[in-house]
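Read the numbers this way: they start at 1 and go in the same order the structure lists the ligands and their atoms.
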Amino acid sequence: MINLGILNLQGDVSEHLEATNNALNELQIQAKVIKVRTVSEVSKCQGLIISGGESTVIGKLMEEDGITHELKESKIPVMGTCAGMVVLGKETGYQQPVLGLIDMKVKRNGFGRQKLSFEKEVKIFDQNFPGIFIRAPYAYEVGSQAQILARINDKIVAVAQGRHIATAFHPELTEDTMIHKYFIKEVLKCVE
Ligand code: GLN
């Protein structure tokens, strides 16, 4: 049985758990969705989701607990949303530990004060997706290995690199499970 981990260090973890279970039901795939906190729990997973929250806190705890090292070694697919996107990138302009699994530079809280939170349709995988942005970051420099999946004006709000995917918005806060389903399929490809 596949284990899909939701990193439970800080942030909106339960919403991701529910969305992942809904996506599995829709795909009619059996997998265990578990909240994980320690490196040994993470090592039992075939895919990991890093939620929104505070990227500084999440990145620091991941590094201290050896999870950063584990993910770089095991190369399991990682999906990051909002703060999770920040953590997946290579650079933020701040002194904060990140994973660097996606070759992108990320601007934290990139949409400015007047737009700290907003909803906007995002065109991704040729579909319209209800994007919920909460103090969202955006990517401003993306390496040639990475693929830009969505933009809002000139701001890059979804990026994939190989098995990893990052979104600046929160797919776990909508009913639409499209992004979770995409990620589950990436995980399945890696275990086949
Ligand atoms: N601005 C936050 C950060 O940089 C992310 C906000 C969020 O995850 N909703 O960590």
Side-chain angles (χ1 to χ4, degrees), residues 4-20 23 33 35-37 42 47-65 67-68 71 77-122 124 129-142 146 148-161 164-180 182-183:
L4 295 170
I6 317 291
L7 190 64
N8 188 19
L9 297 174
Q10 198 254 343
D12 60 334
V13 175
S14 300
E15 291 86 349
H16 266 298
L17 192 108
E18 199 180 321
T20 308
V33 189
K35 293 184 185 179
V36 290
R37 198 176 262 282
V42 171
L48 184 75
I49 295 179
I50 306 175
S51 68
E54 273 309 320
S55 59
T56 45
V57 177
I58 297 172
K60 186 166 172 278
L61 293 175
M62 286 176 75
E63 181 134 307
E64 283 171 7
D65 297 350
I67 294 170
T68 298
L71 290 174
V78 180
M79 165 161 139
T81 60
C82 202
M85 178 186 200
V86 177
V87 172
L88 264 172
K90 273 214 164 131
E91 211 187 291
T92 67
Y94 293 84
Q95 285 275 347
Q96 67 180 106
V98 288
L99 280 167
L101 292 175
I102 297 185
D103 187 2
M104 62 180 171
K105 292 184 181 171
V106 180
K107 172 107 180 114
R108 291 173 58 198
N109 308 325
F111 285 89
R113 281 196 177 188
Q114 64 280 46
K115 282 194 186 168
L116 282 181
S117 300
F118 60 97
E119 287 188 41
K120 198 167 169 70
E121 290 251 295
V122 177
I124 180 165
F129 190 87
I132 298 181
F133 295 80
I134 304 169
R135 289 193 304 128
Y138 66 81
Y140 61 91
E141 223 179 277
V142 171
I148 295 169
L149 300 177
R151 295 175 199 262
I152 297 267
N153 303 326
D154 59 335
K155 298 183 165 72
I156 300 162
V157 294
V159 181
Q161 184 167 338
H164 310 301
I165 179 166
T167 67
F169 48 93
H170 289 264
E172 76 284 8
L173 299 182
T174 68
E175 300 283 296
D176 192 327
T177 57
M178 191 250 283
I179 311 267
H180 286 81
Y182 166 88
F183 181 65

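Within 4.0 Å of ligand 1, the residues that place a heavy atom are Gly52, Gly53, Glu54, Ser55, Cys82, Ala83, Arg108, Asn109, Ile134, Arg135, His170, listed by chain and number.
Residues satisfying the side chain to side chain contact (heavy atoms under 4.5 Å, CB included) criterion with Lys90, sequence neighbours excluded, are Asp103.
Here the shortest heavy-atom pairing between Thr20 and His180 reads OG1-CD2, 3.4 Å.
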side-chain contact (heavy atoms from CB on, under 4.5 Å) evaluation trace for Asp65 with Val42
CA-CA 11 Å; Asp65 297 350; Val42 171; over 6 Å; no
task: Show the numbers, then the answer: is there a side-chain contact (heavy atoms from CB on, under 4.5 Å) between Ile156 and Met104?
output: CA-CA 10 Å; Ile156 300 162; Met104 62 180 171; over 6 Å; no
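Judged by the 6.0 Å distance and 45° axis criteria, Lys120 is not positioned over the aromatic ring of Phe133.
A side-chain donor from one of Gln96 and Ser55 sits under 3.5 Å from a side-chain acceptor of the other.
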